[in-house]
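Remarks on the structure that follows.
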Amino acid sequence: MTFQQVYGYEPAVRYSAPGRVNLIGEHTDYNDGYVLPFAIDRRTVASIGQRDDRLIRVASAFEPDAVHELSLDDLSPENMQGWSAYVFGIAWALREQAGADLSGKTGFDVFIDSDVPVGAGLSSSAAIECGVALAFTDLWGLDLSRKQLARVGQYSENHAVGAPTGIMDQSASLLGEQDAVVFLDCRTLDTAVVDLALEANGLEVLVIDTRVEHAHATGGYKARRESCERGAAAMGVPALRDVAVEDLPRAEELLDDETFRRVRHIVTEDQRVLDTVRTLREQGPRAIGELLVASHASMRDDFEISVPELDLAVETAMANGAVGARMTGGGFGGAAIALVDREARGTITDAVTSAFAAAGYREPTVFTVHAAQGARRD
């Protein structure tokens, strides 16, 4: 299914935005902490045609028989349902969060296609939001920076979709650069591009999609965020970013065991991000393996967001020569990443596939990703 097949004419423009892999720094974003994601060479494409009324119509290649529509005059979360809320929510958030005046604007026909895996923790949702946000901003002639658009995307996901996510995914999708990671301070939104230098070092990032789907709008993600907020309140700080590793003994005295372990993950993960940035700059990517492994252990044991399939992926990759490995994304399913020698890609892929079969798990999808450019007009 294509734009032309749905709407009967050719689109005026196409915009695309990438998914992302988070190299390290998990659940630190909504705690005002540090993250280190990179945009990947898997993208979502928004094909768009201009309308002469105030209607936005949305269709997609993954739901070919449905066209969702909503007037700019009726934009509100109550009128948005299902995946189309990722598109309608951006128009609403541009008005509500960024203060855009949509009173004289006309709508669009939008068609979404993507090769970012859904439910794998690679931020397929932010890829939709960021491509659409850049497109609407350009086509409506709004004066908004990419950092502002990251805020718009987060606001939409939090309030229109109902997922309490931080700003990392949108920042990576909008600000990513070739062969580099985005070092993001989630409090100030200050960013720095840090060279990954994987090609020069003969390394690749292997994504192991366990095909265990997760849902951020429900359940464990919300509970983890609430634990972090309780921990920060008990420690008397605005956010856990303000708690240092040296403060953990006091935190252990103040907090119940579960809340303390949640806090310990965030505090140590923030430090691991800082250590990874320094190590990349000083020693290169081959030196970050232990930090990736420590991050996974913290997510498995302290934050308790891993699942057996993710643990098996990480353990098998490491046992077969990976430089480092960890789960990536929100957890409760999704994908793991492994930093591997280019020549070892096939061996590690085969080993992980065999281990999943032996354990009776679904066959994983394993593929390589490269750090890529952020959202753009194609």
Side-chain angles (χ1 to χ4, degrees), residues 1-19 39-96 98 100-119 122-144 146 149 152-153 156-157 160-162 170 173-174 372-378:
M1 189 65 70
T2 66
F3 182 101
Q4 199 278 336
Q5 289 171 315
V6 173
Y7 297 115
Y9 67 99
E10 289 297 326
V13 291
R14 287 184 173 87
Y15 285 75
S16 72
I40 61 174
D41 51 349
R42 295 288 189 105
R43 303 182 76 85
T44 292
V45 178
S47 302
I48 298 177
Q50 188 82 50
R51 298 181 60 84
D52 58 8
D53 57 19
R54 289 180 57 77
L55 203 62
I56 294 179
R57 296 194 296 178
V58 181
S60 76
F62 45 85
E63 193 186 26
D65 298 326
V67 178
H68 306 268
E69 58 182 54
L70 188 63
S71 169
L72 293 176
D73 300 313
D74 298 324
L75 289 175
S76 72
E78 295 75 26
N79 293 333
M80 304 172 194
Q81 296 177 346
W83 76 267
S84 60
Y86 288 106
V87 177
F88 296 134
I90 290 297
W92 173 78
L94 283 168
R95 185 187 70 195
E96 297 298 315
D101 180 5
L102 304 185
S103 58
K105 306 300 184 185
T106 55
F108 307 106
D109 288 334
V110 181
F111 184 82
I112 301 293
D113 199 359
S114 181
D115 66 356
V116 182
V118 175
L122 301 180
S123 203
S124 57
S125 58
I128 296 175
E129 292 160 356
C130 294
V132 169
L134 188 62
F136 286 5
T137 298
D138 284 356
L139 296 172
W140 279 333
L142 307 178
D143 185 20
L144 297 171
R146 289 188 176 228
L149 292 184
V152 166
S156 174
E157 188 144 354
V161 178
Q170 293 82 8
S173 189
L174 284 158
Q373 181 187 349
R376 67 187 183 219
R377 178 170 175 166
D378 290 336

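- Within 6.0 Å of CG on Asp143 lie no more than 12 heavy atoms contributed by other residues, nucleotides or ligands.
- Side-chain contact annotation: Gln4 with Thr2, donor-acceptor N/O pair under 3.5 Å absent.
- At distances below 3.5 Å, not a single donor-acceptor pair connects side-chain atoms of Arg377 with backbone N or O atoms of Ala135.
- Formation of a donor-acceptor pair under 3.5 Å by the Ser156 side chain with backbone atoms of Val152 is not found in this model.
- In this structure a side-chain-to-backbone donor-acceptor pair under 3.5 Å is missing from Tyr7 to Phe111.
- The 12-atom threshold is not exceeded at CD of Gln81, counting heavy atoms of other residues, nucleotides or ligands nearer than 6.0 Å.
- Using a 4.5 Å cut-off on side-chain heavy atoms (C-beta onward), Ser16 and Val45 make contact.
- Separating the CD atom in Glu63 from the CD1 atom in Ile112 is a distance of 12.0 Å, to the nearest 0.5 Å.
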* Which is it for Asp138 and Val13 under the side-chain contact (heavy atoms from CB on, under 4.5 Å) test, yes or no, and what are the steps along the way? -> CA-CA 11 Å; Asp138 284 356; Val13 291; over 6 Å; no
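- Ring pair His68/Trp83 is perpendicular by interplanar angle, where above 60° counts as perpendicular and below 30° as parallel.
- The heavy-atom pair separating Phe136 from Ala91 by the smallest distance is CE2-CB, 4.0 Å.
- Between the Trp140 side chain and the Thr106 main chain, a donor and an acceptor come within less than 3.5 Å of each other.
- Of all non-hydrogen atoms in Leu174 and Ala375, the two that sit nearest each other are CD2-CB, 3.9 Å.
- The closest side-chain heavy-atom distance from Met80 to Tyr86 is not below 4.5 Å.
- When all heavy atoms of Ser114 and Thr44 are compared, the closest pair comes out as OG-OG1, 2.7 Å.
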* Full working for side-chain contact (heavy atoms from CB on, under 4.5 Å) between Asp109 and Arg51 -> CA-CA 7 Å; Asp109 288 334; Arg51 298 181 60 84; 3.0 Å; yes
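- Checking side-chain atoms of Arg43 against main-chain N and O of Gly374 turns up a donor-acceptor pair under 3.5 Å.
- Nearest heavy-atom pair, Ala59 versus Val6, reported as atom, atom and distance to 0.1 Å: CB-CG1, 3.9 Å.
- Considering only heavy atoms from C-beta on, Asn79 stays 4.5 Å or farther from Trp92 through its side chain.
- In terms of heavy atoms, Glu129 sits closest to Gln170 at OE1-NE2, 2.9 Å.
- For Arg42 (side chain) and Leu122 (main-chain N/O), no donor-acceptor pair under 3.5 Å exists by modelled atom type.
- Across all their heavy atoms, Leu142 and Ala100 have their closest contact at CD1-CB, 3.8 Å.
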